[in-house]
Amino acid sequence: MGDTNGQVAAGGNGQGNRLDQLYHPTDVLIDKETDSLIICDWENRRVVRWPRHSGTIQGEILINNIACAGLAMDDQRYLYISDNEKDEVRRYQIGDKNGTLVAGGNGGGDGLNQLNFPTYIFVDQQQTVYVSDWNNHRVMKWNKGAKEEIVVAGGQGEGNALTQLYHPQGLFVDTLGTIYVADSNNHRVMRWPKGAKQGTVIVGGNGQGKEANQFQYLGGLSFDRHGNLYVVDYGNSRVQRFSIE
């Protein structure tokens with residue numbers, strides 16, 4: 001906190017497919033059990049793990065041949081990965097190469113058992129899976145074991161009304177089931193209370209731009225334990241922090 005310079009934790013050796021390289025990584029999480037980073041190495045079509053201790057010069061491949069866009073891990077250390085080529089989310093035990101289908105997997109489409117270019121994922125303590133369904137402009141919720149999903153945000157086509165999303169990305173769901181979503185092409189972050197038919201804009205929504213209250217396309221988002229919101233403002237090559245009431 002307060003550093004003006006970061007340290008390279010993984011990659012940093014140019015784009016490529018060697019084990020000491022990454023190529024267009026899209027998401028990352030920390031596995032506290034092994035003190036390592038698990039990374040969606042999207043352009044290399046793989047998920048890799050990099051130990052966090054100093055002196056680590058390369059990662060190891062956990063899963064190959066996957067168009068991994070988003071990652072999540074539940075309390076039992078199951079890994080959830082969205083595949084935006086197969087339009088599905090699978091759950092993996094660490095070390096398992098095949099996984100179990102938990103969402104989508106019925107071809108790209110807008111049916112309730114389908115996804116179309118899924119990106120970010122959030123998994124709650126009940127193993128409920130929330131997915132940003134990027135090309136369908138909606139957030140989907142899959143209860144554990146369900147055969148089809150529920151639209152919990154958007155789903156009214158692409159647009160900027162409060163009932164709509166436009167290429168949703170980063171996701172966070174609190175213990176009350178309130179959804180926070182990075183509404184990327186609308187350059188705003190929205191909050192959707194559980195069961196709501198429309199959301200509210202909590203930051204951004206002031207058009208595309210470089211000001212402190214603006215974004216230029218959004219990636220992931222996250223909260224810290226003090227309730228601060230962190231948003232990847234990737235068109236402006238920055239991360240922004242906001243205090244949310």
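For the numbers below, each heavy atom of this structure counts, side chains included, while hydrogens, waters and symmetry mates do not. Keep in mind that this is a model prediction, so the values were computed, not measured.
Dense packing is recorded around NZ of K97, with more than 12 heavy atoms of other residues, nucleotides or ligands lying under 6.0 Å away. Within a 6.0 Å sphere centred on CD of E60, other residues, nucleotides and ligands contribute more than 12 heavy atoms. More than 12 heavy-atom neighbours from other residues, nucleotides or ligands sit within 6.0 angstrom of CD on Q76.
Counting heavy atoms from C-beta outward, L19 and I61 have side chains that approach closer than 4.5 Å. Considering only heavy atoms from C-beta on, I30 comes within 4.5 Å of L37 through its side chain. Two residues are said to be in side-chain contact when any heavy atoms from C-beta on lie closer than 4.5 Å; K32 and M73 fail this criterion. Annotation: side chain of R49 is in contact with side chain of I94 (closest heavy-atom distance under 4.5 Å). By the 4.5 Å heavy-atom criterion applied to side chains, Q125 and D75 are counted as neighbours. When side chains are defined from C-beta on, I202 counts as touching L229, because their heavy atoms get closer than 4.5 Å. Contact check for L115 versus N84: no side-chain heavy atoms found under the 4.5 Å cut-off. D20 places none of its side-chain heavy atoms less than 4.5 Å from the side chain of I57.
Hydrophobic clustering (ILVMFWY, side-chain heavy atoms < 4.5 Å, transitive): W142 and V89 are in one cluster. Cluster annotation: V232 is not connected to V131 through the hydrophobic network of ILVMFWY side chains, with a link wherever side-chain heavy atoms come within less than 4.5 Å. Connection of Y166 to W134 is not established within any shared hydrophobic cluster, with ILVMFWY side chains joined at heavy-atom distances below 4.5 Å, either directly or through further cluster members. With hydrophobic clusters built from ILVMFWY side chains whose heavy atoms lie under 4.5 angstrom apart, F122 shares a cluster with I244. With hydrophobic clusters built from ILVMFWY side chains whose heavy atoms lie under 4.5 angstrom apart, L62 shares a cluster with L71.
A pairwise comparison of heavy atoms in S82 and G70 identifies OG-N, 2.9 Å as the closest pair. The nearest pair of heavy atoms linking S36 to T34 is OG-OG1, 2.6 Å. Nearest heavy atom pair, residue N236 against residue G209, reads ND2-O, 2.9 Å. The heavy-atom pair separating Y234 from Q169 by the smallest distance is CE2-NE2, 4.3 Å. Contact between P118 and A69 at its shortest, heavy atoms only, is O-CB, 3.8 Å. The two atoms that bring I39 and A10 nearest to each other are CD1-CB, 3.6 Å, heavy atoms only.
Within the structure, ring-ring contact (aromatic ring centres under 6.0 Å, His included) contacts touching residues 58-105 (residues at least two apart or in different chains) do not occur. Legend: ring-ring contact (aromatic ring centres under 6.0 Å, His included) pairs involving residues 41-67, not counting sequence neighbours, sorted by first then second residue: H24-W42. Annotation: disulfide bond (SG atoms under 2.5 Å apart) contacts involving residues 62-173, sequence neighbours excluded, comprise C40-C68.
In this structure, H167 and H137 have tilted ring planes: the angle between them lies in the 30° to 60° band.
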**Prompt:** Given the rule in the side chain to side chain contact (heavy atoms under 4.5 Å, CB included) test, do N13 and V8 qualify, once you have shown the distances and angles that lead to the verdict?
**Reply:** CA-CA 10 Å; N13 296 301; V8 177; over 6 Å; no

Take I121 and V129 through the side chain to side chain contact (heavy atoms under 4.5 Å, CB included) test and state the conclusion after the steps.
CA-CA 7 Å; I121 314 167; V129 179; 3.8 Å; yes

- Could you walk me through whether Y120 and V181 pass the side chain to side chain contact (heavy atoms under 4.5 Å, CB included) check? CA-CA 10 Å; Y120 287 84; V181 57; over 6 Å; no

Inset, instruction - Determine, step by step, whether N185 and Y217 satisfy the side chain to side chain contact (heavy atoms under 4.5 Å, CB included) criterion, reporting the C-alpha distance in whole Å, the side-chain angles of both residues, the deciding distance to 0.1 Å, and the verdict. - result: CA-CA 5 Å; N185 286 37; Y217 305 106; 3.6 Å; yes

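There is a side-chain donor-acceptor pair under 3.5 Å between Y230 and D224.
In summary, of the residues considered (N64, D41, N65), a side chain to side chain donor-acceptor pair (under 3.5 Å) with R46 occurs for D41 alone. Of the residues D74, D96, I38, the one that meets the side-chain contact (heavy atoms from CB on, under 4.5 Å) test with L79 is I38.
A donor-acceptor pair under 3.5 Å links the side-chain atoms of R90 to the main chain of G99, judged by distance alone. Of the possible polar contacts, one joining the D133 side chain to the N116 backbone as a donor-acceptor pair under 3.5 Å is found. Formation of a donor-acceptor pair under 3.5 Å by the D87 side chain with backbone atoms of N106 is not found in this model. With N206 contributing its side chain and N213 its backbone, the two residues share a donor-acceptor pair below 3.5 Å. Listed for the N136 side chain is no donor-acceptor partner under 3.5 Å among the backbone atoms of R138. Remark: side-chain polar atoms of S132 are not paired, donor with acceptor, to backbone N or O of T119 under 3.5 angstrom. Panel note: side chain Q156, backbone L162; no donor-acceptor pair is recorded below 3.5 Å. Although no hydrogens or angles enter the test, the distance criterion places no donor-acceptor pair under 3.5 Å between the side chain of D124 and the main chain of T175. Using a distance-only test at 3.5 Å, with no hydrogens or angles considered, a donor-acceptor pair links the side chain of D83 to the main chain of K86. Of the possible donor and acceptor atoms, none in the side chain of N143 sits under 3.5 Å from a partner among the backbone N and O of T128.
How far CH2 of W192 is from OG1 of T200: 9.5 Å, rounded to the nearest 0.5 Å. How far OG1 of T26 is from CD of E43: 10.0 Å, rounded to the nearest 0.5 Å. For the atom pair N160 CG and M190 CE, the distance stands at 9.5 Å (nearest 0.5 Å). Between K210 atom NZ and Q216 atom CD the span is 6.5 Å, to the nearest 0.5 Å. Interatomic distance, CZ of R45 versus CD of E85, reported as 4.0 Å (0.5 Å rounding). Atoms CG and CE, from L112 and M140 in turn, are 5.5 Å apart once rounded to the nearest 0.5 Å.
The ring of Y180 has its center no closer than 6.0 angstrom to the ring center of F242.
Ion pairing between D31 and R77 holds under the 4.0 Å rule for side-chain N and carboxylate O.
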